[in-house]
Number of protein chains: 2
Amino acid sequence: MSRREEILDAAERILSEEGIDRLSMRRLAEVVGVRAPSLYKHVADKAEVVAALQERGLRALAEALAAAPPRLAGLAGAYRDWALAHRDTYVVVTRMPLHRELLDPEVEAAALAPVMRAANGDHARARALWGAVHGLVDLELSGRFPADADIDAAWRAMVAAFEG
Amino acid sequence: MSRREEILDAAERILSEEGIDRLSMRRLAEVVGVRAPSLYKHVADKAEVVAALQERGLRALAEALAAAPPRLAGLAGAYRDWALAHRDTYVVVTRMPLHRELLDPEVEAAALAPVMRAANGDHARARALWGAVHGLVDLELSGRFPADADIDAAWRAMVAAFEG
DNA sequence: ACCTGAACACCGTTCAAGT
DNA sequence: ACCTGAACACCGTTCAAGT
């Protein structure tokens, strides 16, 4: 395993185990067992590390969605489940600037392919659907629903609207 | 005008004019004309500054939505327009941790009241709708749609789904 | 080829000291 | 009551120097 892979694996571990706030170049170096400046011999900057995490996250999300039942409710459920199980990764994938020039060009489309399929190839509808599932996940992750809110019911209402 | 108000006004100005990345206690102090430690005589910490910005943002959003045509398309359009016109404020309002204990308890509900009304008082439907409009805005603000995407069409598809 | 310490320009925050 | 400089524990990043 190259030093570079070692660094990216460590970054992935920090992200999922310690959270995004702890993902610093200094902490990353510490986990790898080296001083922070040494990282720059193997990655250009932190943005490159983040881009790698986004790529890995998109691949994992694509896999989870591809394995879900293709019906809308199943797909929406798989999307939500994956996001809740990988909160910090989901945030990195969707909220941080996407450096597309550092990304495998196919990986973004692959993650959205199941959504595209559920919308019968209608781009506008696929984006509306993606917005809806992403929005519900994002509000939940950001703690915008009151503690006693029935979030499952909100998901059912969303699915009903798009199936209507 | 109290020093505290002066500080919060300056924070609002930095947020909208220089962006969230420049909103630091040190920059804030500089704009107010004082050293950073002095701020702590007037606000407890940065979280309190952010909470004040969230409250002001929610109030402004509530106003914009209340002034919109109550039909779904008009409401969705007003939501999107406001978010795009106040990008950094929108991000602070929706993405940063919401310190509800520092917030006027009615302001959050006030912002969502028009959405609630559009859902005929159905909480689940209102949350699905909020998720959908927020999600589309968030993906657009995060640059997740390709440059040639017809985002207007995505909004129409979303409105159609919920009106269906 | 790889790693290091020192440095630079930043953060949020605390605190003793001054008025 | 308010403001200050100095300090602490952090950031990302650069660079000359060592092996």
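Throughout, a chain's letter reflects where its sequence line sits, starting with A, and its residues are numbered from 1.
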S.K.: Would you call R56(A) and D9(A) a salt bridge, using N to O less than 4.0 angstrom?
M.R.: yes

S.K.: Write down the distance separating the P atoms in dG12(C) and dC2(D), rounded off to the nearest Å.
M.R.: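 Taking atom P in both dG12(C) and dC2(D), they lie 22 Å apart.
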
S.K.: For R144(B), give me all partners under side-chain hydrogen bond (donor to acceptor under 3.5 Å, both in side chains), at least two apart in sequence or on another chain.
M.R.: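 Once residues adjacent in sequence are excluded, R144(B) has no partner under the side-chain hydrogen bond (donor to acceptor under 3.5 Å, both in side chains) criterion.
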
S.K.: Roughly how many Å is it from CD in E48(B) to C1' in dT13(C), rounded to a whole number?
M.R.: 14 Å

S.K.: Given Watson-Crick or G-U pairs with both distances under 3.5 Å, what dot-bracket string fits DNA chain C, with | for other-strand pairs and [ ] for crossing?
M.R.: ||.|||||...|||||.||

S.K.: Using a 4.0 Å cut-off on heavy atoms, which residues in residues 88-102 of chain A reach DNA chain C? List them by number, or say none.
M.R.: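 Heavy-atom cutoff 4.0 Å gives no residues at all.
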
S.K.: Test of understanding: with salt bridge (charged side-chain N to carboxylate O under 4.0 Å, His left out), list the residues that count as partners of R100(A), not counting sequence neighbours.
M.R.: E108(A)

S.K.: Of all the choices, dT4(D), dT4(C), dC2(D), which nucleotide is nearest to the side chain of P37(A) once you look at every atom?
M.R.: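 Side chain of P37(A) sits closest to dT4(C).
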
S.K.: By salt bridge (charged side-chain N to carboxylate O under 4.0 Å, His left out), which residues pair with D104(B), not counting sequence neighbours?
M.R.: R59(B)

S.K.: Under 3.5 Å, which N/O atoms of the protein pair with N/O atoms of nucleotides 16-19 of chain D?
M.R.:
none

S.K.: Counting neighbours of CD on E18(A) that are heavy atoms of other residues, nucleotides or ligands and sit closer than 6.0 Å, is the number greater than 12?
M.R.: yes

S.K.: Let's see if you get this right: which residues in residues 3-28 of chain B place a heavy atom under 4.0 Å from DNA chain D?
M.R.: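 Going residue by residue through residues 3-28 of chain B, the ones with a heavy atom under 4.0 Å of DNA chain D turn out to be R3(B), R26(B).
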
S.K.: For a quick test of reading the model, state the closest non-hydrogen atom pair linking A11(B) to V49(B) and the distance between them.
M.R.: CB-CG1, 3.7 Å

S.K.: Output every pair passing salt bridge (charged side-chain N to carboxylate O under 4.0 Å, His left out) with a member in residues 154-164 of chain A, not counting sequence neighbours, ordered by first then second residue.
M.R.: R71(A)-E163(A)

S.K.: Which nucleotide in the list dC3(C), dT4(D), dT14(D) gets nearest to the side chain of V34(B)?
M.R.: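 Of dC3(C), dT4(D), dT14(D), dT4(D) is nearest to the side chain of V34(B).
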
S.K.: Would you say L65(B) ends up clustered with W155(B) if hydrophobic residues are merged whenever their side chains have heavy atoms under 4.5 Å apart, either directly or through other cluster members?
M.R.: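 Same hydrophobic cluster.
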
S.K.: Parallel, tilted or perpendicular: which one describes the rings of F162(A) and F162(B), with boundaries at 30° and 60°?
M.R.: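 Ring orientation, 0 to 90° scale: perpendicular.
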
S.K.: Give me the distance, rounded to whole Å, that separates dA9(D) from dA9(C) when you measure between the P atoms they each carry.
M.R.: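 Approximately 22 Å lies between the P atom of dA9(D) and that of dA9(C).
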
S.K.: Quick one: salt bridge (charged side-chain N to carboxylate O under 4.0 Å, His left out) partners of R95(B), sequence neighbours excluded?
M.R.: D138(B)

S.K.: Check side-chain hydrogen bond (donor to acceptor under 3.5 Å, both in side chains) between D152(A) and all other residues, then give those that pass, not counting sequence neighbours.
M.R.: R80(A)

S.K.: Taking atom P of dT13(C) as reference, at what distance in whole Å does atom NZ of K46(B) sit?
M.R.: 8 Å

S.K.: Just to verify, what does W130(B) make a ring pair (Phe, Tyr, Trp, His ring centres under 6.0 Å) with, not counting sequence neighbours?
M.R.: F145(A)

S.K.: Ignoring hydrogens and angles, tell me if any N or O in the side chain of E48(B) forms a donor-acceptor pair with the backbone of A44(B) under 3.5 Å.
M.R.: yes

S.K.: Looking at the side chain of H42(B), which of dT4(C), dG5(D), dC2(D) is the nearest nucleotide?
M.R.: dC2(D)

S.K.: Quick one: is S38(A) getting a side-chain N or O under 4.0 Å of the dC2(C) phosphate, OP1 or OP2?
M.R.: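 For dC2(C), neither OP1 nor OP2 has a side-chain N or O of S38(A) closer than 4.0 Å.
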
S.K.: Would you mind telling me which residue lines up with the more 5' stretch of DNA chain D, Y40(A) or L39(B), judged by nearest nucleotide?
M.R.: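 First, find each residue's nearest nucleotide; the 5'-ward one identifies L39(B).
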
S.K.: Which ILVMFWY residues are connected to V93(A), directly or by a chain of links, through side-chain heavy atoms under 4.5 Å apart?
M.R.: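 Its cluster partners, ordered by chain and number, are L58(A), L98(A), L103(A), V107(A).
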
